[in-house]
Amino acid sequence: MAKRPDARPRAQCKWARDVGRRGRPPVYSKGSKVRKFTALAAGALLLLGGAGQAHAISDSAKKSIPGTGAVLQANAWNCNFYSDKCSFATSSKALKSGKGYKVSTIRNTATVTANGWGATISVSPSATQTSKETAKITWTNTNTWISDISGIADPSGALNTSITTCSDAYAFKSGSKAWSSACT
């Protein structure tokens, strides 16, 4: 077979063809296997807990504060996946039309429980240990609209599977009282 005089020579590989055009090797010259492996490794780290505290579960509940037109909202949040310790947060908020509503007294009680066979828990900041698997922290504020708590739970045990965080909210304003609770 005769070669046409105007035909360009065939490149042996993609890299060689691109070097001829641009004078430098392209970024993909090492092949797509490296990129695929890197993407798979990053995905595996996310799934296996490399970003453990990035996933969370939460709950919220509202009850009206009689005679005020305001509501008391209880909020609870904790991490969903963890390898050693787990963050948690709770809050009590008095709200009217979506904005903070000042009450005489507002209290938040966080109850953090380790779930599983033989589970135990310790909590920071210091908490009242109500049982080996449950700890409580209470915070009260006056003449404001919010009371909140956050901390780190350190669950352990033979088959510790998760933690549960509950927020018990209480508010008092002009003789009216309200309670609300939320649990993850």
Side-chain angles (χ1 to χ4, degrees), residues 45-184:
L45 281 175
L46 287 174
L47 288 175
L48 295 175
Q53 301 248 358
H55 303 282
I57 50 178
S58 62
D59 189 29
S60 183
K62 292 180 183 178
K63 297 287 183 189
S64 64
I65 303 172
T68 63
V71 295
L72 175 64
Q73 180 176 319
N75 302 300
W77 173 94
N78 65 255
C79 68
N80 195 16
F81 300 112
Y82 60 93
S83 59
D84 184 30
K85 293 178 173 65
C86 183
S87 301
F88 70 91
T90 62
S91 67
S92 301
K93 296 179 180 181
L95 303 168
K96 189 171 187 176
S97 302
K99 296 180 181 176
Y101 177 73
K102 190 187 286 188
V103 294
S104 304
T105 302
I106 189 161
R107 180 181 309 131
N108 183 250
T109 301
T111 305
V112 184
T113 304
N115 305 307
W117 184 71
T120 61
I121 196 161
S122 62
V123 173
S124 172
S126 62
T128 302
Q129 207 72 34
T130 58
S131 69
K132 64 179 183 156
E133 67 273 346
T134 303
K136 282 190 178 191
I137 304 171
T138 299
W139 189 260
T140 303
N141 284 333
T142 56
N143 298 317
T144 190
W145 67 279
I146 189 169
S147 176
D148 56 352
I149 299 167
S150 64
I152 304 291
D154 187 3
S156 60
L159 291 174
N160 178 38
T161 56
S162 64
I163 71 165
T164 301
T165 303
C166 291
S167 174
D168 296 314
Y170 164 80
F172 176 80
K173 171 79 175 190
S174 304
S176 295
K177 298 177 183 179
W179 292 267
S180 184
S181 294
C183 290
T184 60

**Request:** Under the side chain to side chain contact (heavy atoms under 4.5 Å, CB included) rule, collect the residues that match up with S131, sequence neighbours excluded.
**Result:** E133, T134
**Complete:** Hits for side chain to side chain contact (heavy atoms under 4.5 Å, CB included) against K96, two or more places apart or cross-chain, chain-then-number order -> A70, Y101
**Message:** Just to verify, what does T164 make a side-chain hydrogen bond (donor to acceptor under 3.5 Å, both in side chains) with, not counting sequence neighbours?
**Reply:** N115
**Prompt:** Which value, rounded to the nearest 0.5 Å, describes the distance between T90 atom OG1 and D148 atom CG?
**Reply:** 7.5 Å
Going by atom type alone, with no hydrogens or angles, which donor-acceptor pairs under 3.5 Å involve a side-chain atom of residues 118-125 and a protein atom two or more places apart or on another chain?
| from | atom 1 | to | atom 2 | distance (Å) |
| --- | --- | --- | --- | --- |
| T120 | OG1 | S156 | OG | 2.7 |

**Message:** As a quick check of understanding, evaluate side-chain contact (heavy atoms from CB on, under 4.5 Å) for S91 and K93, giving each step before the final call.
**Reply:** CA-CA 6 Å; S91 67; K93 296 179 180 181; 3.8 Å; yes
**Fill in**
Heavy-atom nearest pair, D84 first then P155, reads O-CD, 3.9 Å
**Prompt:** Do S92 and N108 meet the criterion of a side-chain donor-acceptor pair at a distance under 3.5 Å?
**Reply:** yes
**Complete:** For A110 and F88 the tightest heavy-atom approach is CB-CE1, 4.3 Å
**Prompt:** Does I65 offer a backbone N or O that forms a donor-acceptor pair with the side chain of S176 under 3.5 Å?
**Reply:** no
**Prompt:** What pairs with D154 under salt bridge (Lys or Arg N to Asp or Glu O under 4.0 Å), at least two apart in sequence or on another chain?
**Reply:** K85
**Fill in**
Minimal heavy-atom distance between A61 and S180, with the atoms involved, is O-OG, 3.2 Å
**Prompt:** So do the side chains of I163 and Y82 get within less than 4.5 Å of each other, counting heavy atoms only?
**Reply:** yes
**Request:** Give, for atom OG1 of T113 and atom NZ of K136, the distance between the pair rounded to the nearest 0.5 Å.
**Result:** 9.0 Å
**Asked** Is there a side-chain contact between F172 and V103, using heavy atoms and a 4.5 Å cut-off?
**Response** no
**Prompt:** Can you name the residues that form a side-chain hydrogen bond (donor to acceptor under 3.5 Å, both in side chains) with W139, not counting sequence neighbours?
**Reply:** N141
**Asked** Residues two or more places apart in sequence or in another chain: which of them pass side chain to side chain contact (heavy atoms under 4.5 Å, CB included) with S64?
**Response** none
**Message:** Working note: D59 + T184, criterion side-chain hydrogen bond (donor to acceptor under 3.5 Å, both in side chains); need CA distance, chi angles, decisive distance, verdict.
**Reply:** CA-CA 5 Å; D59 189 29; T184 60; over 6 Å; no
**Asked** What pairs of residues pass the ring pair (Phe, Tyr, Trp, His ring centres under 6.0 Å) test when at least one of them lies in residues 103-134, not counting sequence neighbours?
**Response** none
**Message:** Test: salt bridge (charged side-chain N to carboxylate O under 4.0 Å, His left out). Region: residues 165-174. Which pairs qualify, not counting sequence neighbours?
**Reply:** none
**Asked** Where do W179 and K63 land on the side-chain contact (heavy atoms from CB on, under 4.5 Å) test, with the steps shown first?
**Response** CA-CA 7 Å; W179 292 267; K63 297 287 183 189; over 6 Å; no
**Message:** The criterion is side chain to side chain contact (heavy atoms under 4.5 Å, CB included); which residues satisfy it with S58, sequence neighbours excluded?
**Reply:** W77
**Message:** Less than 4.5 Å apart, side chain to side chain, heavy atoms only: is that true for I106 and L72?
**Reply:** yes
**Prompt:** Who pairs with T140 by side-chain hydrogen bond (donor to acceptor under 3.5 Å, both in side chains), at least two apart in sequence or on another chain?
**Reply:** R107
**Asked** Got a sec, which residues hit side-chain hydrogen bond (donor to acceptor under 3.5 Å, both in side chains) with T142, two or more places apart in sequence or on another chain?
**Response** none
